[in-house]
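Let me begin by presenting the structure, written as structure tokens, before commenting on it.
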Amino acid sequence: MICVLVMAAGEAWESPALADLETRPGVVVLKRCVDVDDLLAAVSSGQADVAVVSLDAPGLDPASVSHLRRHGVRPVAVTTSASSDVDVRERAQRLGVAAVVGSGELSTLPDVVVVVEDAADTGVRPADPAPDRPGSDLTPAASATEGGRVVAVWGPAGAPGRTTVATHVACELAGRDTDVVLADLDPYGGAVAQQLGILDEVSGLLSAARLAAAGHLGERLPSVCRGMGDHLAVVTGLPRADRWREVRAAQVEQLLERSRDLGHVVVDTGFCLEDDTASDFGGRPGRNALTLTALEQADEIVVVGAADPVGLARLARGLVDLRAQAYAAPVRVVVNRMRPSIGWSEKEIAGMVEGFTRAAGLHFLPEDRPGLDRALVAGLPVRDVGDSALGQALATLTDAVFPESVTPEERRVRRSSRARRRPTRRK
Ligand SMILES: Nc1ncnc2c1ncn2[C@@H]1O[C@H](COP(=O)(O)OP(=O)(O)O)[C@@H](O)[C@H]1O
Ligand SMILES: [Mg+2]
């Protein structure tokens, strides 16, 4: 049984389309939606398979179409023009809708609905209206195999060092001549720009969200990134914490998918994993959708915890919460700000972490306030303000997260310099 939502936005094709769909065996119309908000709320119920929408409905943007797909609902657009019309094809392409039924073809609508749903079952996409144009809606499966990997840096509340780790891993990678996009998706206010000394009041994230809504992110993503050197592109975060409302989850999805085309993607996220969808009218994603979307899209999740009693308790809780979300990506744990005075050895902490998650790796970063202060004042990563244990540990972490970025020679040099440093660390 194929369950269909219809959103005709007051157009005259609604009645004949409903009649055709309802008489088709195996097809049932679940709901007539009055507008895009109504449609988006209806798909959240998880019951629909296909949405038949007016191509010209006010508020129908690529983000709404991504929202449909995220809930497993395939879009079919109906237009009052001919489906071969160049404007129609362009608009459908921009929205990421492959199946378009034009005027005079309405009787084919039930067939198109069945074909689109069958294609979804078999994983085959129906033919794109103009597959060679930029801005088309890549399926996650396609993008995951092509392009760079998305690494989301997450951690519980209490400023354990998410931004520090995300920024430094991205800078380290760029320093190895590997293209990387560093995206600041913290819904509680961006901090990547400040860490890197970017004094730019234009928020890359807000610009990207606006471009995604207009369907132009594909070709214009580089224009919202701040270039730092030849290999690092920074999407700066929210200029004020209350502006999270201007970014929708579907736009974040697009940003990450497009960023993969430019290189590896390192994402700085917020701390909260609560799904606050219901708090927002119409069932649209809430504030934490930025973080949750990044974690859903991630190929790897780096969890950062602070090495003190409160920080470790929060890390343990955070690992449990993260496991409850059942993300597909493997989890790597970073315990930050290690220092002898906390009274726990690396071995003891490793035992604690093992009790809460099957981590893909466990890393320790030493406390280095003076080094980070020097880096922050200079607006540079620590690696650029002198040799330090923290810089070395961040390089080793980058080796593990992006193993293809390190040559065997570099790995050997780092291993021997780590061995030289070891006596200064508490074991
Ligand atoms: N290894 C470290 N040694 C010393 N200070 C650190 C270390 N890691 C992070 N910090 C400091 O802790 C504070 C919070 O770090 P930040 O990365 O902004 O946390 P989060 O993004 O998790 O809120 C910053 O002032 C940062 O410089
Ligand atoms: Mg931060």
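Order of appearance sets the numbers: ligands from 1, and atoms from 1 within every ligand. In this text the structure is predicted, and so the values were computed from the model without any measurement.
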- Query: Are R383 and H168 close enough that a side-chain donor and a side-chain acceptor fall under 3.5 Å?
  - Reply: no
- Query: Between S64 and D61, do the side chains contain an N or O donor and an N or O acceptor separated by less than 3.5 Å?
  - Reply: yes
- Show the numbers, then the answer: is there a salt bridge (Lys or Arg N to Asp or Glu O under 4.0 Å) between D321 and R314? CA-CA 10 Å; D321 291 348; R314 285 179 169 162; over 6 Å; no
- Query: Any salt bridge between E117 and R74, counting N to O under 4.0 Å?
  - Reply: no
- Task: Could you find the nearest protein heavy atom to atom 13 (C) of ligand 1 and give me its residue, atom name and distance?
- Result: R337 NH1, 4.2 Å
- Any side-chain donor paired with an acceptor under 3.5 Å for N336 and E367? no
- Item | Proximity to ligand 1 by part of V165, non-hydrogen separation under 4.0 Å | neither
- Note on the structure: Of V153, T167, D268, T164, the residue with the heavy atom nearest atom 9 (C) of ligand 1 is T164
- Query: For ligand 1, is there an atom lying under 4.0 Å from some heavy atom of P366?
  - Reply: yes
- Among all protein heavy atoms, pick the one closest to atom 20 (P) of ligand 1 and tell me residue, atom and distance. R162 N, 3.5 Å
- Item | Residue T163 vicinity, atoms of ligand 1 by number, heavy atom under 4.0 Å | 17 (O), 18 (O), 20 (P), 21 (O)
- Nearest-contact summary for atom 25 (O) of ligand 1 - protein heavy atom, Å: R369 NH1, 3.2 Å
- Item | Residues D368, R337: salt bridge by 4.0 Å N-O rule | no
- Message: Counting backbone and side-chain atoms alike, is an N, O or S atom of Y188 positioned under 2.8 Å from the Mg ion (ligand 2)?
- Response: no
- Task: Before signing off on this row, confirm whether L365 and ligand 1 have an N or O atom pair separated by under 3.5 Å.
- Result: no
- Would you please say whether a donor-acceptor pair under 3.5 Å links the side chains of T163 and D268? yes
- The one among D184, L376, L372, L390 that brings a heavy atom closest to atom 6 (C) of ligand 1: L372
- Quick one: does G155 get within less than 4.0 Å of ligand 1, heavy atoms only? no
- Query: Side chains of H71 and Q47: is there a donor and an acceptor less than 3.5 Å apart?
  - Reply: no
- ligand 1 atoms nearer than 4.0 angstrom to some heavy atom of G161 are 15 (O), 16 (P), 17 (O), 19 (O), 20 (P), 22 (O)
- Under 3.5 Å side-chain donor-acceptor pair for Y188 and N288: yes
- Which residue and non-hydrogen atom of the protein lie closest to atom 1 (N) of ligand 1, and at what distance in Å? N336 OD1, 2.9 Å
- Looking at T269, L394, D368, V382, the heavy atom closest to atom 4 (C) of ligand 1 belongs to D368
- Item | Side chain, backbone, both or neither: the part of A191 lying under 4.0 Å from ligand 1 by heavy atom | neither
- Message: Less than 4.0 angstrom from a charged side-chain N to a carboxylate O is my criterion; do D85 and R89 meet it?
- Response: no
